[in-house]
Amino acid sequence: MGVLLPHRNQIDRTQVLAAALRIADRSGPDSISMRGVAAEVGVAPMSLYHHVRDRDELLDGMVDHLLGELPDVAIAGVPWRSRLRALFSALRLLAHTHRRTFPLVLRYPDSPQLIRLRTTGAAAIADAGVPVGHIARTEGVIWTLVLGFVTREALGQFRDQGPGGADRMASAVLAAVEHHVIWVVADPVRAHRDDPELEWTLPVHE
């Protein structure tokens, strides 16, 4: 345990979130506590409450800090395929680097950094020629495929496929993403047709 620091201004929010991420990478997100993070940065536990309200805000901020490691691939003049591939590859690398922590991304869909990444993806598919009225659904399909794959990979669900197995799956996912974008550009009505057999109503909880 580090030496306790007497003043809250000796640490900042970024240091707190980085400490939480280190703990999650070592021992898993369930091991994170306010007391443990305080010990990691060397302050009294009460000092953390100047930077986060509670454990849930700590985890939310940690996810945002994690996604902040991703580079900006929204480069003017770069073809849309190259941007989507760069984003996909960066997410895979991030998930490999933070295997225990990355699955938390699915629990915090409103993370500002995740919104930044989704905006980048939406801009790429808009440049591909996807009609404005179909960008939101196309972007939703893409993120379902991409986040689903990288999260499963982080959880080790492709380890039984032998050398290169996960890479082949990644290639298939990326091909599916690109094909869907091309399909929407060519025929948005058929690509996004509604299927009455899949419609259902969420149960109402009183």
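Treat the numbers as computed from the prediction; the structure is a model and nothing was measured.
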(message) Using every non-hydrogen atom in the two residues, find where L58 and M34 come nearest and quote the distance to one decimal.
(response) CD2-SD, 3.9 Å
(message) If you apply the rule salt bridge (Lys or Arg N to Asp or Glu O under 4.0 Å), what do you find for D167 with R92, and how did you get there?
(response) CA-CA 10 Å; D167 292 334; R92 281 192 78 197; 3.0 Å; yes
(request) Would you indicate whether the side-chain heavy atoms of V181 and E178 approach each other to under 4.5 Å? (result) no
(request) Quick one: closest heavy-atom pair of A24 and I32, and the distance? (result) CB-CD1, 3.7 Å
(request) Check whether any side-chain N or O of R13 sits under 3.5 Å from a backbone N or O of H51 as a donor-acceptor pair, and report yes or no. (result) yes
(request) Report the C-alpha separation of E139 and T144 in whole Å, then their side-chain angles, then the decisive distance to 0.1 Å, and conclude whether the side-chain contact (heavy atoms from CB on, under 4.5 Å) test is met. (result) CA-CA 9 Å; E139 187 261 354; T144 298; over 6 Å; no
(message) Measuring only between side-chain heavy atoms, which start at C-beta, is P45 closer than 4.5 Å to R35?
(response) yes
(request) Return yes if some donor-acceptor pair links the side-chain N/O of R137 with the main-chain N/O of H192 below 3.5 Å, else return no. (result) yes
(message) Count I, L, V, M, F, W, Y as connected when their side-chain heavy atoms are under 4.5 Å apart, and connections chain through other members. Are V41 and M46 then in the same cluster?
(response) yes
(message) When you group the ILVMFWY residues by side-chain heavy-atom contacts below 4.5 Å and let the links chain together, are L67 and L106 in the same group?
(response) yes
(request) Please lay out, stage by stage, how E153 and R99 fare under the test salt bridge (Lys or Arg N to Asp or Glu O under 4.0 Å). (result) CA-CA 8 Å; E153 187 175 23; R99 287 182 179 274; over 6 Å; no
(message) Is it the case that the side chain of R193 and the backbone of R190 share a donor-acceptor pair, with hydrogens and angles ignored and the cut-off at 3.5 Å?
(response) yes
(message) Between R100 and D30, does the salt bridge (Lys or Arg N to Asp or Glu O under 4.0 Å) criterion hold? Intermediate values first, please.
(response) CA-CA 10 Å; R100 289 182 168 178; D30 289 344; over 6 Å; no
(message) Among T138, V177, L117, which residue satisfies the side chain to side chain contact (heavy atoms under 4.5 Å, CB included) criterion with W143?
(response) L117
(message) Run the side-chain contact (heavy atoms from CB on, under 4.5 Å) test on R83 and D127 for me, step by step, so that the C-alpha distance in whole Å, both residues' side-chain angles and the decisive distance to 0.1 Å come before the verdict.
(response) CA-CA 10 Å; R83 277 182 277 166; D127 287 348; 2.6 Å; yes
(message) Would a single hydrophobic cluster contain both I135 and W183, if residues Ile, Leu, Val, Met, Phe, Trp and Tyr are joined by side-chain heavy-atom contacts under 4.5 Å?
(response) no
(message) As a quick check of understanding, evaluate side-chain hydrogen bond (donor to acceptor under 3.5 Å, both in side chains) for H65 and Q113, giving each step before the final call.
(response) CA-CA 8 Å; H65 180 78; Q113 288 291 344; over 6 Å; no
(request) Rounded to the nearest 0.5 Å, what's the gap from CZ on F102 to OG1 on T97? Could you check? (result) 10.5 Å
(message) Side chains of H98 and E69 only: does a donor on one sit below 3.5 Å from an acceptor on the other?
(response) yes
(message) Measuring from atom CG of D60 to atom CG of D54, what distance do you get when rounded to the nearest 0.5 angstrom?
(response) 10.0 Å
(request) Please name the pair of heavy atoms, one in S33 and one in G36, separated by the smallest distance, quoted to 0.1 Å. (result) OG-N, 2.9 Å
(message) Let me confirm one number: the OG-CG distance from S111 to L66, rounded to the nearest 0.5 Å.
(response) 8.5 Å
(message) Any non-hydrogen side-chain atom of I182 less than 4.5 Å from a side-chain atom of R81?
(response) yes
(request) Report yes or no: do L87 and L93 belong to one cluster of Ile/Leu/Val/Met/Phe/Trp/Tyr joined by side chain heavy-atom distances under 4.5 Å? (result) no
(message) Nearest 0.5 Å, please: how far is CG in L84 from CD1 in I125?
(response) 7.5 Å
(request) Give the minimum heavy-atom separation between V185 and G129, together with the two atoms involved. (result) CG2-C, 3.6 Å
(message) Please find the pair of heavy atoms, one from I23 and one from S31, that lie closest to each other, and give the distance.
(response) CG2-OG, 3.5 Å
(request) Calculate, to the nearest 0.5 Å, the distance between atoms CE and CZ belonging to M62 and R55 respectively. (result) 8.5 Å
(request) Measure up the F149 and F88 rings against each other and bin them: parallel (under 30°), tilted (30 to 60°), perpendicular (over 60°). (result) tilted
(request) Say whether I115 and V105 are linked into one hydrophobic cluster, either directly or through other cluster members, by side-chain heavy-atom distances under 4.5 angstrom. (result) no
(request) Return the minimal non-hydrogen interatomic distance between P188 and P131, and the atom names on each side. (result) CG-CG, 4.1 Å
(message) When you compare the side chain of V130 with that of W80, does any pair of heavy atoms fall below 4.5 Å?
(response) no
(message) If I take atom CG from residue L48 and atom CD from residue E40, how far apart are they, to the nearest 0.5 angstrom?
(response) 11.5 Å
